2 protein chains.
Amino acid sequence: MTAIKETSVIQENKSNAFSNCPVTFVMERIGGYWKPIILFNLLTGTKRYNELKKSIPTITEKMLIQHLKQLEADGLVIRKAKPVVPPFVTYQLSKKGKELRPVLYAMAEWAVSNSGQQTEQFKKQMEDFPK
Amino acid sequence: MTAIKETSVIQENKSNAFSNCPVTFVMERIGGYWKPIILFNLLTGTKRYNELKKSIPTITEKMLIQHLKQLEADGLVIRKAKPVVPPFVTYQLSKKGKELRPVLYAMAEWAVSNSGQQTEQFKKQMEDFPK
DNA sequence: GTATGTACTTCCATAAAAGTAAGTACAATT
DNA sequence: AATTGTACTTACTTTTATGGAAGTACATAC
């Protein structure tokens, strides 16, 4: 697989003078486009790899796995694999991961009030927003 | 200047089937590494270009301006320029931008409770977290 | 013995983001 | 006439992210 770069810009910033900005701290872990979306889709609970894939139709397998691995490495998601064939692997949020709910929730609320056209769609999504 | 690409992956996703995810909607606007950091630094109020640069020491001028332009184009920040020489330009959050405060605040709180070593530094930053 | 399902992995190509360094305008100051 | 300050621009390079497509393991079903 594509190695998780240990020296991305994001990683490097960990050790610079700006590391005392809490928002930076968060972006180092969930920055980028896909991670919040993946986390959002795990808020509803444990999902198999395939289910996750289906719930995010536009992500490629490579991206999905790569980010899942990174999220796992950062302790935000927990991977569980049953030793069976064909494989049975589930992903779920860790405690740390679940604590991101307020962040994702605040995002969703902002989307609802600033989306114009899509507001109604978003509102529907909000109805079953996991507590 | 480097043109703001109109067809980035992020932009394209706007029109795909996944566009009914509110978190995606948010990431389309503030996704990436720098934007939340810039917005965070504008929460404390109007700032001149130079002040902003100083408060985010690791950002390059190119990145700062590029993102400011995009944020302005998305209606999240307001640019005001006095017709003087040398230039006097300020940036501030728009209403829409200010409404991102809960998102940024939730991020900051998560950072405080999940940071281990840097917790104390973050707490300090939180003290003057704008209301 | 061929096909199926699941969760990946690998290689190669492209696109986007970010970094580097130098340059610009122009009034006011020295 | 040269220097300063501010807010940018521009051209070029490097790094990182993403895409696409094919391949792998292996128990079970057909």
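Every chain is numbered from 1, with letters handed out A, B, ... down the list of sequences. From a predicted model like this one, the values you see are computed outputs, not experimental measurements.
Partners of A:Thr46 under the side chain to side chain donor-acceptor pair (under 3.5 Å) rule, at least two apart in sequence or in another chain, do not exist in this structure. For B:Tyr91, there are no side chain to side chain donor-acceptor pair (under 3.5 Å) partners two or more places apart in sequence or in a different chain. For the salt bridge (Lys or Arg N to Asp or Glu O under 4.0 Å) test, no residue two or more places apart in sequence or in another chain qualifies with A:Glu72. With sequence neighbours excluded, no residue forms a salt bridge (Lys or Arg N to Asp or Glu O under 4.0 Å) with B:Lys35. Residues satisfying the salt bridge (Lys or Arg N to Asp or Glu O under 4.0 Å) test with A:Lys98, not counting sequence neighbours, are none.
Look at CD on A:Gln70: it is 10 Å from C1' on D:dA17, rounded to the nearest Å. Taking atom CG of B:Leu64 as the reference point, atom P of C:dA17 lies 17 Å away to the nearest angstrom. The CE atom of B:Met63 sits 12 Å away from the C1' atom of D:dT14 (whole-angstrom rounding). Here C:dA18 presents its C1' atom at 9 Å from CH2 of B:Trp34, a figure rounded to the nearest Å. Taking atom CD1 of residue A:Ile38 and atom C1' of nucleotide D:dT18, one finds them 13 Å apart after rounding to whole Å. In this structure, OH of B:Tyr33 is placed 13 Å from P of D:dT16, rounded to the nearest angstrom. We find that CD1 of A:Ile59 is positioned 10 Å from C1' of D:dT18, with the value rounded to whole Å.
Taking side-chain N and O atoms only, A:Thr60 has a distance below 4.0 Å to OP1 or OP2 of D:dG19. Applying the 4.0 Å criterion to OP1 and OP2 of D:dT18, one finds that A:His67 has a side-chain N or O inside that range.
Judged by distance alone, with hydrogens and angles left aside, A:Lys62 brings a side-chain donor or acceptor within reach of the base of D:dT18, the pair sitting under 3.5 Å.
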inquiry  = Counting primed atoms plus P, OP1 and OP2 as sugar-phosphate and everything else as base, spell out the protein contacts along nucleotides 1-8 of chain D at 4.0 Å heavy-atom distance: B, S or - for each nucleotide, 5' to 3'.
reply    = ----BBSB
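Taking the six-membered ring where the residue is Trp, B:Trp110 and A:Phe25 present tilted rings, their angle falling between 30° and 60°.
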